[in-house]
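The figures that follow rest on heavy atoms only: side chains count, while hydrogens, waters and symmetry mates do not. Counting from 1, the numbers follow the sequence of the chain as shown. Everything numeric here is computed off the predicted structure, so don't read it as measured data. Order of appearance sets the numbers: ligands from 1, and atoms from 1 within every ligand.
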Amino acid sequence: MRSYEKLLQNNKSWSTDIKTVDPEFFQKLKDVQKPEFLWIGCSDSRVPPNVITKTQPGEIFIHRNIANLVVNTDVNMLSVLEYAVHHLKVRHVIVCGHYGCGGVKAATSNHNLKQILNMWLRNIKDIYRIHNKELEAIKNEEKRVDRLVELNVQEQVMNLAKTSIIQRAWKENQIPHLHGWVYGLKDGVIHSVCEMKAGTHIDPLYEFDDL
Ligand code: CO
């Protein structure tokens, strides 16, 4: 059997198992999607959102990219955000990074990864520059990268708050609340790094005058 055929076989048995436990499972999910959470996470295969939070289909709306970035020109991320916030009306947006993130680590090196990856990781280098003093004081490389992982999550939560999508939702619906989390590959535990309640004021430079 080829490796991908195993996936299809697993899928069949998964579907059968679920129907055995709850015959209505798929019927209930067919017509409505009402997740309470939007998850913006790293594409890393070791950080599967539903598995690590013990959630089921229908519970989390998910966007993933390398190093869980919120880039204000990324139409892919912004369309997911807009849909989740203004149509699904999720109550919480979670940015979840993870310790030992390869994307974050690569951004701390001088390696030329060619244009597209260089372009993407440049966003993280900018965060390193902003927090240069704190990071340079950490001598252990692994610990320094892990601290950058936390700062990156914090910065992405801030990037969410800078969007008119979030500011409009805060004004109209007083949701969503924003959360910055980091998952530990070593122990499978998620740590909360920061939280921003709906309506929090950020640097006025980023606040739109009609929101
Ligand atoms: Co990662």
What side-chain donor-acceptor pairs closer than 3.5 Å can you find for residues 197-211, not counting sequence neighbours?
residue: K197; atom: NZ; partner: E195; partner atom: OE2; Å: 2.8
residue: T200; atom: OG1; partner: K197; partner atom: N; Å: 3.3
residue: T200; atom: OG1; partner: K197; partner atom: O; Å: 2.5
residue: H201; atom: ND1; partner: E207; partner atom: OE1; Å: 3.4
residue: H201; atom: ND1; partner: E207; partner atom: OE2; Å: 2.9
residue: D203; atom: OD1; partner: L205; partner atom: N; Å: 3.0
residue: E207; atom: OE2; partner: I202; partner atom: N; Å: 3.2

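Counting non-hydrogen atoms of other residues, nucleotides and ligands closer than 6.0 Å to CD of E142 gives a total of 12 or fewer. Applying the 6.0 Å contact sphere to CD1 of I62 captures more than 12 heavy atoms from other residues, nucleotides or ligands. Residue K54 places its NZ atom among 12 or fewer non-hydrogen atoms of other residues, nucleotides or ligands, all under 6.0 Å distant.
Of all protein N/O/S atoms, those under 2.8 Å from the Co ion (ligand 1) are C42 SG, H98 NE2, C101 SG, and waters are not counted.
Using modelled atom types, one finds a donor on one side chain and an acceptor on the other under 3.5 Å when comparing Q156 with N152.
Between S192 and W181, the closest heavy-atom pair is CA-CD1, 3.8 Å.
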